[in-house]
Amino acid sequence: QQPVQSPQAVILREGEDAVINCSSSKALYSVHWYRQKHGEAPVFLMILLKGGEQKGHEKISASFNEKKQQSSLYLTASQLSYSGTYFCGTVPYITQGGSEKLVFGKGTKLTVNP
Amino acid sequence: SAVISQKPSRDICQRGTSLTIQCQVDSQVTMMFWYRQQPGQSLTLIATANQGSEATYESGFVIDKFPISRPNLTFSTLTVSNMSPEDSSIYLCSVASRGAPYNEQFFGPGTRLTVL
């Protein structure tokens, strides 16, 4: 089942902060975050695992609330280069440790203006 | 991360024809996936390409329409068969290596398909 992202779109001025949320109705093994610029492929930003481990972009932080099946991506001191569409992809929890099949949300369009 | 290439990068095709898209990775990977992304939309998984066996298709996608090959750990093809304008989309392959606990997926540049 497709995760729900919010907001659908956000407009910032350079230097401002933003939070993008991703929630699922299913228990999750992991949450993956990607940024896609127009006409380009999605770029991996971060992965968060059940149990608290995470790996990703050094300038971007995220959280994963396993009980609520929610993840949030925190973009602080935004730069022009942060503009793009952000997708979360979720992997449902399987007792064997998870499957790699990602189900993506509809995306959040972020625009950073000078 | 792996370097992934796709061919062709874009194509314009006639209704009723077929197009084969290639995905090449510069290192061996465990998992390869094919996604479709319609303009302005999210990414939808078509199938998982399994090395040495048939691909595993998601609901709404069938082998006759989207045959997939994966002859080795660095290469896969997706064919879009008997195309219609509704097949116009961006097709992306992605790869992941099962290196527990992280299974990051990385995407190829995509193939932009227009069907007339």
Side-chain angles (χ1 to χ4, degrees), chain A residues 1-6 8-9 20 22 24 28-57 60 62 64 66 84-94 96-109, chain B residues 1-7 9-10 21 23-25 29-51 55-61 68 89-114:
Chain A
Q1 192 161 356
Q2 187 175 42
V4 177
Q5 286 187 236
S6 62
Q8 290 184 325
I20 300 172
C22 174
S24 173
L28 299 175
Y29 174 73
S30 63
V31 179
H32 304 226
W33 286 96
Y34 290 82
R35 177 171 59 216
Q36 186 177 32
K37 294 182 181 287
H38 183 70
E40 300 181 8
V43 173
F44 170 79
L45 294 176
M46 178 162 287
I47 179 173
L48 302 104
L49 303 182
K50 181 178 173 68
E53 294 181 79
Q54 58 178 259
K55 178 181 178 183
H57 200 289
I60 293 176
F64 179 22
E66 299 167 31
T85 300
Y86 289 76
F87 292 99
C88 70
T90 55
V91 177
Y93 181 73
I94 298 175
Q96 289 79 11
S99 161
E100 292 82 2
K101 293 198 305 184
L102 288 171
V103 179
F104 283 93
K106 292 187 176 182
T108 296
K109 185 174 181 179
Chain B
S1 63
V3 177
I4 308 164
S5 61
Q6 283 187 235
K7 290 182 181 179
S9 58
R10 58 177 62 225
I21 302 167
C23 178
Q24 178 76 54
V25 192
V29 292
T30 310
M31 314 289 289
M32 295 183 80
F33 305 91
W34 287 99
Y35 288 85
R36 181 172 73 183
Q37 186 176 33
Q38 293 176 318
Q41 302 297 312
S42 184
L43 299 101
T44 301
L45 181 64
I46 297 171
T48 302
N50 302 309
Q51 195 257 333
T56 306
Y57 289 85
E58 297 302 304
S59 176
F61 298 96
I68 288 171
S89 191
I90 299 171
Y91 293 85
L92 300 117
C93 70
S94 74
V95 304
S97 287
R98 188 176 280 132
Y102 303 110
N103 293 314
E104 307 103 296
Q105 282 191 35
F106 299 98
F107 283 85
T111 295
R112 185 179 294 269
L113 172 62
T114 302

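Throughout, protein chains are lettered first and strands after them, A, B, ... in sequence-line order, and every chain is numbered starting at 1. From a predicted model like this one, the values you see are computed outputs, not experimental measurements.
- Contact between B:Gly108 and A:Ala41 at its shortest, heavy atoms only, is O-CB, 3.0 Å.
- Contacts between residues 42-51 of chain B and chain A, defined by a heavy-atom separation under 4.5 Å, are made by B:Ser42, B:Leu43, B:Leu45, B:Thr48.
- Under the side-chain hydrogen bond (donor to acceptor under 3.5 Å, both in side chains) criterion, B:Thr111 pairs with B:Gln6, not counting sequence neighbours.
- Interatomic distance, B:Tyr35 OH to A:Leu102 CG, rounded to the nearest 0.5 Å: 4.0 Å.
- Shortest non-hydrogen contact noted between B:Glu104 and A:Phe44 is CG-CZ, 3.3 Å.
- Note that CZ of A:Phe87 is 5.0 Å distant from CD of B:Gln37, once rounded to the nearest 0.5 Å.
- If you measure heavy-atom distances from B:Gln105 to chain A, the contacts under 4.5 Å come from both the backbone and the side chain.
- A 6.0 Å sphere centred on NZ of B:Lys7 holds no more than 12 heavy atoms belonging to other residues, nucleotides or ligands.
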